[in-house]
Asks: 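One structure is given below, represented as C-alpha cells, and several questions about it will come after.
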Amino acid sequence: MSDPIIQPTVGAQRESVDPSAVTEKREGTLPRGLDRLGERKRARLEQLAQATADKGGVSLVRDAFRRLRRNPTAMVGASIVALFVLVAIFAPLLAPHDPAQRFDELTKNLTVDSIPGASSEFPLGSDPLGRDFLSRMIHGSRQTLFVGVLATLIGLALGVLVGALAGAFGGWVDNILMRFTDVMLALPALLLAISLVAMASRSSQWTVILAVAIVNVPIFARLLRGSMLAQRESDHVLAARALGVKRGAIVLRHMLPNAMTAVIVQATLTLSTAILEAASLSFLGLGDPDINRAEWGLMLGVDGQRYFEVRPELAYFPAVAIIVVALGFTLLGEGMREAIDPKSRR
Amino acid sequence: MSLLDVRDLSVVFQRRGERPFTAVDEVSFSVEPGQTVGLVGESGCGKSVTSLAIMGLLPQRGNKVTGEVNFDGADLLKLRPDDLRDRRGRDIGMIFQDPLSSLNPVIPIGTQVAEVLERHRGMDHKAALKEARELLDAVGIPDPTRRLKEYPHQISGGMRQRALIAIALACKPRLLIADEPTTALDVTIQAQILTLLKELVDETGTALIMITHDLGVVAGLCDTVNVLYGGKIVERAERHELFARPRHPYTHGLLNSVPRLDSPRGERLHAIRGSVADNIPWAEGCAFAPRCDNVVDACLDGTPPLEPTANGGDLRCNNPVSEEVAVP
Ligand SMILES: Nc1ncnc2c1ncn2[C@@H]1O[C@H](COP(=O)(O)OP(=O)(O)O)[C@@H](O)[C@H]1O
Ligand code: SF4
Ligand SMILES: [Mg+2]
C-alpha cells in the first residue's frame with residue numbers, strides 16, 4: 001500500500017470499490033512479486049465464480065447451451081474435440097498397424113540419415129525404429145486423452161474437496177487453504193509440474209498424471225470456493241436456512257451443486273492445459289520411459305527432435321496434433337465460459 | 001400472551017473502517033395468535049432486516065442485534081443456534097420477495113417441498129413427496145403430480161410463489177413472515193397470491209407478519225399496521241383507524257400517494273417530497289423532518305417519543321395531522 005504507483009491495475013480498481021478487499025489481500029504472507037503473478041489467474045477465477053452466482057443450475061445451463069450452439073468458434077472447438085475423442089476411442093480400428101511393431105520392410109531401410117517415407121502400406125512412413133508412424137499418431141491420441149482426462153479428473157476431485165472445505169467452513173480453514181493455493185497459483189504451472197515429477201523416484205505415466213493433477217488443484221479449489229461463497233449469499237440458500245435445513249445439507253444439496261457449473265466450464269479449459277502440460281513433461285523426458293508407448297509429447301521430444309534434419313514430419317505431426325487438440329478444448333471451454341457469462345465477452 | 005413479542009429490537013451494522021449504521025432502531029411490536037400484522041415503509045427503512053433478525057438469519061459477522069424476540073415464551077435471540085434452527089420452518093415460516101431466486105434451481109419442486117417435511121416431521125422421502133403433492137394442490141397449483149418433478153424455471157412466477165407458500169406452510173407453523181411476497185410478481189398475479197395467503201392463514205389460524213411498501217397490500221389483509229420510518233416505528237394503529245385517520249405526516253403522505261377508487265376523477269396524487277436520502281439521524285430530531293409539511297421547532301430537538309393515542313394506537317410525532325382531516 002506504501003507505493004500505489006506500482007500496484008497492478010486490478011488491485012487499484014478494486015481499491016476504489018472496496019478498500020477492505022485490498023487490505024485483506026496485502027495481509028498475505030506472500031512476497032509481492034509472487035502475489036502479483038497469481039493475481040491475474042485469481043481475478044479470472046473470481047469472475048467465473050461470480051458468473052454463476054445469481055442464476056444457477058438447469059435454466060442457466062439451458063440458456064448457456066443455446067448461446068453456445070450459436071457461437072461458431074465454440075462449435076469449431078467442439079468439432080475438434082469430438083473428432084479427437086472418436087479417434088482415441090476407435091484407435092485400434094482406425095490404425096492400420098500395431099503401433100509397437102517393428103516392420104522388417106521399414107527397419108531394413110533405416111539409416112542414420114534416412115528414414116523411409118510414405119508408402120502405400122505406411123501412409124506416413126516409418127518412425128526411427130521402423131514402426132508405422134500413422135498408427136503411432138493415432139494411438140497417441142488415446143494416451144493424450146487418457147492422461148488429460150485423468151489428470152483433470154483427479155485435479156478436479158482434489159480441488160473440489162479443498163474448495164468445498166474452504167467455502168463451507170470459511171474462517172481459518174478457508175484462510176489456510178487459500179494461502180496455500182495462492183502460493184501454488186503464483187508459480188508457473190509447468191515449473192511446478194516439473195518440480196513435482198522430479199521429486200518422484202521413478203517416472204511413469206502416473207507421475208505425469210499426478211503432477212499435472214496437482215498443478216490444477218488450486219485452480220479448481222479457488223474457483224469452487226469463490227462460487228460457494230457466492231452461493232452462500234444467494235437467496236435460495238437464505239430461504240433454505242429460513243426453513244431450518246441443516247448445515248451439511250445446505251452445503252451438499254444447496255451450495256455445491258449450484259457451484260459446480262463454473263467448475264465444469266473450468267474443467268474443459270483445464271483439459272487443454274493438462275494436455276499441454278503432460279506433453280511438455282514427456283517432451284522433456286520426464287514422462288513414461290517406455291519406448292513402445294505412443295505418446296505425442298514423447299514422439300515430438302525424442303524422435304522429432306533428434307531426426308528433425310532427416311525427417312521433420314516426425315516433429316511436425318505430433319506438434320500439430322497437440323496444438324490442434326489443445327486449441328479445440330480451449331475454444332470449447334472459452335465458448336462455454338462466454339455462454340454462462342455473457343459479460344465476459346470481449 | 002402474545003405469540004410473538006418483539007421488544008426494543010435494534011440492529012446495528014458495523015463494517016470494518018466504516019461508521020456504524022443503525023438499520024433497525026428499538027422496534028417493538030407484538031403479534032397475537034392468528035393475527036395479521038403489517039410492517040410498512042419505504043424501501044430501505046429496515047423491514048427485511050427486522051424480519052431476518054427475528055429469524056436469526058442475519059450474517060454472523062458485521063452486525064449487532066440487541067433487544068428481545070419472545071416467541072412462545074423463549075427469547076429467540078438467546079436460543080442456541082441448533083434450537084433456533086429446529087424452530088425455523090417448523091414454528092416460523094418465511095416467504096421472500098423473489099420466488100425464482102428463492103428456490104434452488106437444480107432441485108425439482110417436489111423435492112424442495114419434501115425436504116422441509118423430512119427435516120421437521122421426520123417423514124421418509126416417499127411419504128414426504130406424497131404430502132408435497134397435497135400441499136401443492138392446496139395452494140392451487142394445477143396438475144401437482146407433474147409439478148413435483150419440474151424445476152423452478154419450468155413454472156410461472158405466480159406458481160413459484162405458490163410453491164414457496166406451500167413450503168413455508170408445510171409444517172403448519174404458527175407464524176408466517178412474508179417479506180414483500182408480491183413485489184416481484186405481475187399485478188394480476190399479486191391479487192391472487194394475496195387472496196391465497198389470506199385464505200390459508202384464516203384456514204390454519206397462522207399468524208402473519210406482512211412486510212410491504214405497498215399500503216394497498218395492507219388494506220385488504222392486516223389487522224394491525226406498524227409504519228416504519230428510518231428504522232423506527234412512527235405509527236401503529238388498527239387497519240381501519242389507520243386508513244380513516246392517519247395521524248403521522250408520513251403515513252398521511254403514503255396514503256395520499258396511493259390511488260383510491262373513491263377519489264375524484266382527475267385528481268393528482270401527492271407523492272411525499274424528497275427521499276430517504278434527506279433523512280436526519282434520529283438522535284438529532286425526527287428523521288422525517290426534512291420532508292415533513294408539519295415540522296415544528298421541537299422536531300429538530302431530539303427523537304420524538306412513541307406515545308399512545310386515544311384510539312389505542314401509538315404515534316411518534318410532535319405535530320400530528322389533526323384527526324378531523326380526512327384523507328381526500
Ligand atoms: N448486510 C448488511 N450490511 C450493511 N447494511 C445493510 C445490510 N443489510 C441491510 N442493510 C441496510 O439496512 C437498511 C435496511 O435494509 P432493509 O431492511 O433491507 O430495507 P427494506 O425495508 O427495504 O427491506 C438499508 O439501508 C440497508 O442498506
Ligand atoms: S415529529 Fe415533526 S417532523 Fe416528525 S413527522 Fe411529526 S411533525 Fe413531522
Ligand atoms: Mg426488503
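Values reported hereafter were calculated over all heavy atoms of this structure, with side chains retained and with hydrogens, waters and symmetry mates removed. Letters A, B, ... are given to chains in the order of the sequence lines, protein chains preceding strands, and every chain is numbered from 1.
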Asks: Around atom CZ of A:Arg247, are there more than 12 heavy atoms of other residues, nucleotides or ligands at under 6.0 Å?
Replies: no

Asks: Identify the two heavy atoms, one from B:Arg85 and one from A:Val245, that lie closest to each other, and give their separation to 0.1 Å.
Replies: CD-O, 3.7 Å

Asks: Measuring from atom CG of B:Asn104 to atom CG of A:Asp235, what distance do you get when rounded to the nearest 0.5 angstrom?
Replies: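 Nearest 0.5 Å value for the CG-CG distance: 12.0 Å.
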
Asks: Side chains of A:His236 and B:Ser101: closer than 4.5 Å at any heavy-atom pair?
Replies: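 Not touching, per the 4.5 Å side-chain cut-off.
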
Asks: To the nearest 0.5 Å, what is the distance between CG on B:Asp86 and NZ on A:Lys246?
Replies: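 One finds 6.5 Å between CG of B:Asp86 and NZ of A:Lys246.
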
Asks: Below 4.5 Å, heavy atoms only, C-beta onward: do B:Phe96 and A:Leu238 meet side chain to side chain?
Replies: yes

Asks: Assess, by modelled atom type and distance only, whether the side chains of A:His254 and B:Glu115 contain a donor and an acceptor separated by less than 3.5 Å.
Replies: yes

Asks: More than 12 foreign heavy atoms under 6.0 Å from CZ of A:Phe180: is that the case here?
Replies: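 Count not over threshold, so no.
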
Asks: Roughly how far, to the nearest 0.5 Å, is the CD1 atom of B:Ile92 from the CG atom of A:Leu243?
Replies: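 The CG atom of A:Leu243 sits 12.0 Å away from the CD1 atom of B:Ile92.
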
Asks: Tell me, side chain or backbone of A:Arg232 under 4.5 Å from chain B's heavy atoms, or both, or neither?
Replies: neither

Asks: Can you say whether B:Leu57 sits under 4.5 Å from chain A via the side chain, the backbone, both, or neither, judging by heavy atoms?
Replies: both

Asks: Among A:Ala239, A:Ala249, A:Ala242, single out the residue with the greatest number of heavy-atom pairs under 4.5 Å to chain B.
Replies: A:Ala242

